[in-house]
Structure formats: C-alpha cells, structure tokens
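Structure first, then comments.
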Amino acid sequence: MEDKRLYSPKYVKEILERYGFKFSKSLGQNFLIDGNIVRKIVDEGDITSEDYIIEIGPGMGTLTEELALRAKKVVAIEIDDTLLPILDETLGKYDNVEIIHGDVLKIDIEKLIEEKLSGGPVKVVANLPYYVTTPIIAKLIEDNLNLQSIIVMVQKEVAERMEAGPGGKEYGSLSVFVNFYSKPEIVVKVPKTVFMPQPKIDSAVIKLEIKKELPDVDKDKFFKIVKAAFSKRRKTILNSLSTYGFNIEKETIKEALEKLNINVNTRAENLSVEDFIKISKTLPPLDI
Ligand code: SAM
C-alpha cells in the first residue's frame, strides 16, 4: 500500500541515501521499520479523529504518518534539520501535520498547545530519543499542561522503573515521580529488530494516563523528601531523612513516622506514593 512504504527497510534505505542522511547516535536516532509496532503504539493511544497529537522526534515520519491518518492534527517537533526535506517528501501530502524544527526541551509547549492545537487536551506519542527520555517526561508531566496521555517508546529498564510499585529493585524516585502525576502501564516490550539502526538495548512502549486531579500536597516539599529518601537506598527512612540536611531533629522525624504507623527502620523502596504524601504533610517545613 502506498501509505505504508515507510515500513519497508528497502524504501527507508533508498530515501535516506537519496538525501545523504547519516544517522546520529548522539541524537538517539533509531527509526522504526516495523508496521506492527507503529500500529500497536497508535492503537494503545486510542487515537481518534478528534485527537490533537504532539509527536517528539518524527525522524523520517513513520509514526507521524500513522498518526496523521487517524488523528485530527499532529504537531511533530524535530531537532535535526537534515530530516526536514525528508519529512517534506514523506508527509507533504497530509494537511493535518505540522513539523516544528526545534529542541523539545526548549520549546514552550503550553504556547504550542494554545496556538496550534486548540488548547488541547493533547496526547503525546513518540519513539523517544533515549538520551533525553527522563527530562522530556519530566517537562511534559510537571508543567501542568493540558495533556491527556503520553504513549512513548523508551528503554525497557526505564519503562520498568516508571511502572514499578514499592518493594522491588526497579522502584525509585522516578517511579514515585511518574506515579504521582499519572497511571503508568507498559503496553508492549519491543525487540531491537524493529529499529534501523538496531540499538544495543531492548525497548518498551509505556502509556502514562495523566491524572486529572493531583494529590493535595506541597509538591516541592514532597519531591525533596522523596529525593532524600532514595539518596541512600540502603539506609532506613529515619536515617535518610535525618541526615539529608533538612535541619529537622531526628526525634521529630521519628515521632512523625510513628504517628503515621511507618516503621522507622523501613527503607524508601518499601514506601508508597501515599506514604510519602503523608510524611510530607506531617513533617515541619524543610530548611532547604
Ligand atoms: N519517530 C521516528 C521513528 O519512530 O522512526 C524517529 C525516532 S528516533 C528514536 C528519535 C528522534 O528524535 C530522531 O528523529 C531525533 O533526531 C529526534 N530528537 C532527538 N533529540 C531531540 C530533541 N531534543 N527535540 C526534538 N527531537 C529530538
């Protein structure tokens, strides 16, 4: 089928060679060449003709094309200017696609949603460049944007850390951060063979359903406590919090934990998001 040429490694090679395109490792360029995975990502996003989409890093437009066929409008942000003429060729026929040349970390996403996507709500869909996965996710979910969900391909280990709950070795501050703002779910694990060039690591697609209402807590204090708690994973929660420099007496922290029925000898990896919320509400103001 004409529209699906971008799934064919032969066609991908042909077009990239014609433009003299060279893959950049430092920009995390591993392009999808498997139609089943592209469709799976878009299916899991429940993309309908009403949806406004932001794609990060369209590459040569493989995922973008599938999104364009299903969504109302797609704005795709690409940092690499050598891909712009290629995108022009692969996506030029879709009038619901707009390519923005820039670094997603520097772009004012709120303004972009306001000006180009009717104010949202917006779904973010991407095969992310792995070298900046966490800053991108942090920017998107922290910024109080009008986002409905984020469906992204990331390194498998990162997806597992984002999805993890208390009790396992994957659970850490990234898990608490992601679970504070969203409901994460790994939707599919992906072999290296679906990419060109093939990366060294395995990947997974994770869906983050953004929470409409966030827990009622001082976020700044909450995340400082989470950071302190996980800064020394092997220490007890009492020791991590009392030696971090919050300038709160150990005895005060002990009393607060006991009042909350939290064992002072437990470690951060066994505390849930709700436990951290209760701790931040109970401790006195922090001195940093
Ligand atoms: N979406 C394409 C696909 O699935 O075949 C390409 C995915 S590739 C893993 C990541 C893409 O993100 C590349 O096109 C790369 O140039 C782009 N990129 C890397 N860093 C970026 C940044 N800071 N802002 C926007 N795009 C970026």
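Remember, it's 1-based here, ligands and their atoms both numbered in the order they're listed.
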- prompt: For K250 and N239, does a side-chain donor sit closer than 3.5 Å to a side-chain acceptor?
  reply: yes
- prompt: Under 3.5 Å between some N or O of ligand 1 and some N or O of D80?
  reply: no
query: Relative to ligand 1, is D103 under 4.0 angstrom through side chain, backbone, both or neither, heavy atoms considered?
result: both
- line: When distances are taken from atom 6 (C) of ligand 1, the protein heavy atom at minimum range is G57 O, 3.4 Å
Residue among L208, L147, V104 satisfying side-chain contact (heavy atoms from CB on, under 4.5 Å) with L140: L147
- prompt: Do any heavy atoms of T64 fall under 4.0 Å from ligand 1?
  reply: no
query: What do the steps show when you test R267 against N270 for side chain to side chain donor-acceptor pair (under 3.5 Å), and what is the final call?
result: CA-CA 6 Å; R267 292 181 183 153; N270 293 314; over 6 Å; no
message: Applying a heavy-atom cut-off of 4.0 Å, say which part of S24 lies close to ligand 1: side chain, backbone, both or neither.
response: neither
query: Any heavy atom of L63 sitting closer than 4.0 Å to ligand 1?
result: no
task: Indicate yes or no: does an N/O atom of M60 lie under 3.5 Å from an N/O atom of ligand 1?
output: no
- request: Identify the protein heavy atom lying closest to atom 16 (O) of ligand 1, giving its residue, its atom name and the separation to 0.1 Å.
  value: E78 OE2, 2.6 Å
message: So is Y131 touching ligand 1 or not, going by heavy atoms under 4.0 Å?
response: yes
message: Can you tell me which portion of Y130 lies within the under-4.0 Å heavy-atom range of ligand 1? Options are side chain, backbone, both, or neither.
response: neither
Non-hydrogen atom of L83 closer than 4.0 Å to ligand 1: yes
message: Among all the protein's non-hydrogen atoms, which is closest to atom 26 (N) of ligand 1, and how far away is it?
response: I79 N, 3.4 Å
field: Side-chain touch E269/E170, heavy atoms, less than 4.5 angstrom
entry: no
task: Say whether V132, considering both its backbone and side-chain N or O atoms, lies within less than 3.5 Å of an N or O atom on ligand 1.
output: no
field: Intermediate values then yes/no, side chain to side chain donor-acceptor pair (under 3.5 Å), D80 and Q29
entry: CA-CA 10 Å; D80 183 352; Q29 291 178 336; 2.8 Å; yes
- prompt: Among protein heavy atoms, which lies nearest atom 4 (O) of ligand 1, and at what distance?
  reply: N127 ND2, 2.9 Å
- prompt: In this structure, are over 12 heavy atoms from other groups packed under 6.0 Å from K211 atom NZ?
  reply: yes
